[in-house]
2 protein chains.
Amino acid sequence: MRHLCMPEGLCANDIAKLENIISVTRKVKRGDALFRAGDRFDALFAVRSGSIKTVITHDGGREQVTGLLLAGDALGFEGIEDGEHTCDAIALEDSTVCVVPYTLFERMCRETDALQRRLHRMMSHAVNRESSHVVRLGMLRADERVARLLLDISSRLSRRGYASSEFTLRMTRDDMGSYLGMTLETVSRTLSRFDKLGLIETQGKFIRIRDFDGLRAV
Amino acid sequence: MRHLCMPEGLCANDIAKLENIISVTRKVKRGDALFRAGDRFDALFAVRSGSIKTVITHDGGREQVTGLLLAGDALGFEGIEDGEHTCDAIALEDSTVCVVPYTLFERMCRETDALQRRLHRMMSHAVNRESSHVVRLGMLRADERVARLLLDISSRLSRRGYASSEFTLRMTRDDMGSYLGMTLETVSRTLSRFDKLGLIETQGKFIRIRDFDGLRAV
DNA sequence: CGAGAATTTGATGATGATCAAACATAGTGG
DNA sequence: CCACTATGTTTGATCATCATCAAATTCTCG
């Protein structure tokens, strides 16, 4: 049972080719950076285990969490444009990623159209991921944003075959707040309220969703 | 002097190839859709003249403007993932776009690595565009968002060789508000205040920037 | 286990939303 | 081409949401 870093099917032949170039994995310790803004871009990454946040550091030191990557998610596409990464990627827990050397991968994509299609879909997915985040930030109230985040994580986990109703979110409340465009206090209060309402159960970073429809209706 | 839809250099040979497949242009009348969410995705587009907004319609009819595309900008990448578009693209004024048939383009990208690199950079750019919008929505106050939008448009225009200090923004205040995650009233008030402060001059949709540093410092 | 970090909860206040009404602009048909 | 009507904009008054400041409590990990 081998783990495929970049899931969803290719034909056996293509998979073999792919495995050749993504045989390299890299471990990243909790709190360490997989890459930093300004680092030379030379590889894409896929989260194999653990989770990673992407952070943009604004002039003045203010930081914003712009992305949350779970096992199975690919990252690094932002670096292609100018050949250097535009954000920091920080491990939220000890994690493992597959390393996909970019120029090699690009060449393979020219040879294999299935692989090319796959890369394009991944990049398109990255666009859509950002775009739904824009919607979340742009037209939802604080409690709606929190509810959506929980549902989003849940559905991403279930798509990957993990339990969808309970998980441990390694982000701090501060990270969640930064990601959702609100303060850590508001995140905390919102989670407490959801708990009191019977929508979820929280014990620190562990979260269990008790009432999916209720959350959707927030 | 021919207009190249997708600017920035390729070698003469590649340009010739490219021009072959992007010879088709399409006119879109103000208010009409270039494509709608759910439409089959089969081409990428590049704005040749005019401007276009992308809109996501939330369940319940609420709409959010997620993107603003000016002459020279490419759009449609969100459709690659599932083969159908995920947002509406609406012309803000009578506009012209180049049509780039996708499968054809994909094939060409496998043949010409310069073209492939170009496509990848465009998609990466699309990711970064969304991502800076996330930052704008996530960590800025209302007036900072408006200031950033104006500066952003200005720098995009100047990069394309247009006047950078005055332009006519075809969006309504409502569109701007939706794009910036605030109400049209707040947009209007903010612009009025900037005007009184001498940062800009406004006459309806026409805007002249008088004090770039002032705007940056908002 | 203990110290530093993270979380929770409360009290207060500011930013921006909402409601409302006057005013301006642009698009249409006579 | 002008007048008329729609639509868009501005400005004001009030209110709700969420940020800020603060302090007590609980986790976590080295």
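All chains are named by letter (A, B, ...) in the order of the sequence lines, taking the proteins before the strands, and each is independently numbered beginning at 1.
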Novice: Does D:dA6 sit syn or anti, given that only angles within 90° of 0 count as syn?
Specialist: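 Syn conformation for D:dA6.
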Novice: Give the rounded distance in Å between these two atoms: CG of A:Asp195 and P of C:dT7.
Specialist: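 Nearest whole value for this atom pair: 15 Å.
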Novice: When every nucleotide of nucleotides 14-30 of chain D is labelled 5' to 3' by its protein contacts under 4.0 Å (heavy atoms), B for base, S for sugar-phosphate only, - for none, what sequence of letters results?
Specialist: ----SSBB-------S-
Novice: What is the separation between atom CG on A:Asp174 and atom C1' on C:dT8, rounded to the nearest whole Å?
Specialist: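 Rounded to the whole Å, the gap is 14 Å.
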Novice: Can you tell me the base-pairing partner of D:dT11? Count Watson-Crick or G-U wobble geometry only, both distances below 3.5 Å, and say none if there is no partner.
Specialist: C:dA20
Novice: Round to the nearest Å and state the distance from B:Phe206 atom CZ to C:dA26 atom P.
Specialist: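 It works out to 13 Å between those atoms.
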Novice: With B:Tyr102, which residues qualify under ring pair (Phe, Tyr, Trp, His ring centres under 6.0 Å), at least two apart?
Specialist: B:Phe41
Novice: Between A:Leu140 and A:Leu180, is any pair of side-chain heavy atoms under 4.5 Å apart?
Specialist: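 With C-beta onward as the side chain, the pair stays apart.
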Novice: Remember a base hit wins even if backbone is also touched, and classify B:Thr172 as base, sugar-phosphate or nothing at under 4.0 Å, heavy atoms.
Specialist: sugar-phosphate
Novice: Suppose the criterion is ring-ring contact (aromatic ring centres under 6.0 Å, His included): which pairs have a residue in residues 174-201 of chain A, not counting sequence neighbours?
Specialist: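 ring-ring contact (aromatic ring centres under 6.0 Å, His included) check on residues 174-201 of chain A returns A:His133-A:Tyr179.
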Novice: Keeping the roles fixed (side chain from B:Arg170, backbone from B:Ser51), state whether a donor-acceptor pair exists under 3.5 Å.
Specialist: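 Not a single qualifying donor-acceptor pair exists.
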Novice: Mind listing the closest non-hydrogen atom pair of B:Thr86 and B:Glu78 along with its distance?
Specialist: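 Nearest pair, atom of B:Thr86 first, then B:Glu78: N-OE1, 2.8 Å.
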Novice: A:Ala142: what forms a side-chain contact (heavy atoms from CB on, under 4.5 Å) with it, not counting sequence neighbours?
Specialist: A:Met182, A:Thr186
Novice: Just call it for B:Ser192: base, sugar-phosphate, or nothing, with non-hydrogen atoms closer than 4.0 Å on any strand.
Specialist: sugar-phosphate
Novice: Rounded to the Å, how far apart are B:Glu93 CD and C:dT25 P?
Specialist: 19 Å
Novice: Within the sub-3.5 Å range, which N or O atoms of nucleotides 21-23 of chain C have a protein N or O partner, and how far apart are they?
Specialist:
none

Novice: Applying a 3.5 Å limit to both distances, which nucleotide forms a Watson-Crick or G-U wobble pair with D:dA6?
Specialist: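 Across any shown strand, D:dA6 pairs with none.
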Novice: Can you sort out the partners of A:Glu144 under side chain to side chain donor-acceptor pair (under 3.5 Å), two or more places apart, ordered by chain and number?
Specialist: none
Novice: So, A:Arg36 and A:Asp88, do they make that salt bridge, N to O below 4.0 Å?
Specialist: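 Salt bridge present between A:Arg36 and A:Asp88.
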Novice: Rounded off to whole Å, could you give me the CG-to-C1' distance for the A:Leu169 and C:dA6 pair?
Specialist: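 Checked: the CG to C1' distance equals 15 Å.
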Novice: Specify the separation, in whole Å, of atom CE of B:Met176 and atom P of C:dG16.
Specialist: 15 Å
Novice: Ignoring hydrogens and geometry beyond distance, is a side-chain donor-acceptor pair present between B:Arg159 and B:Ser155 at under 3.5 Å?
Specialist: yes
Novice: Nearest to the side chain of B:Leu184, heavy atoms from C-beta on, is which of D:dT11, C:dT8, D:dT9?
Specialist: D:dT9
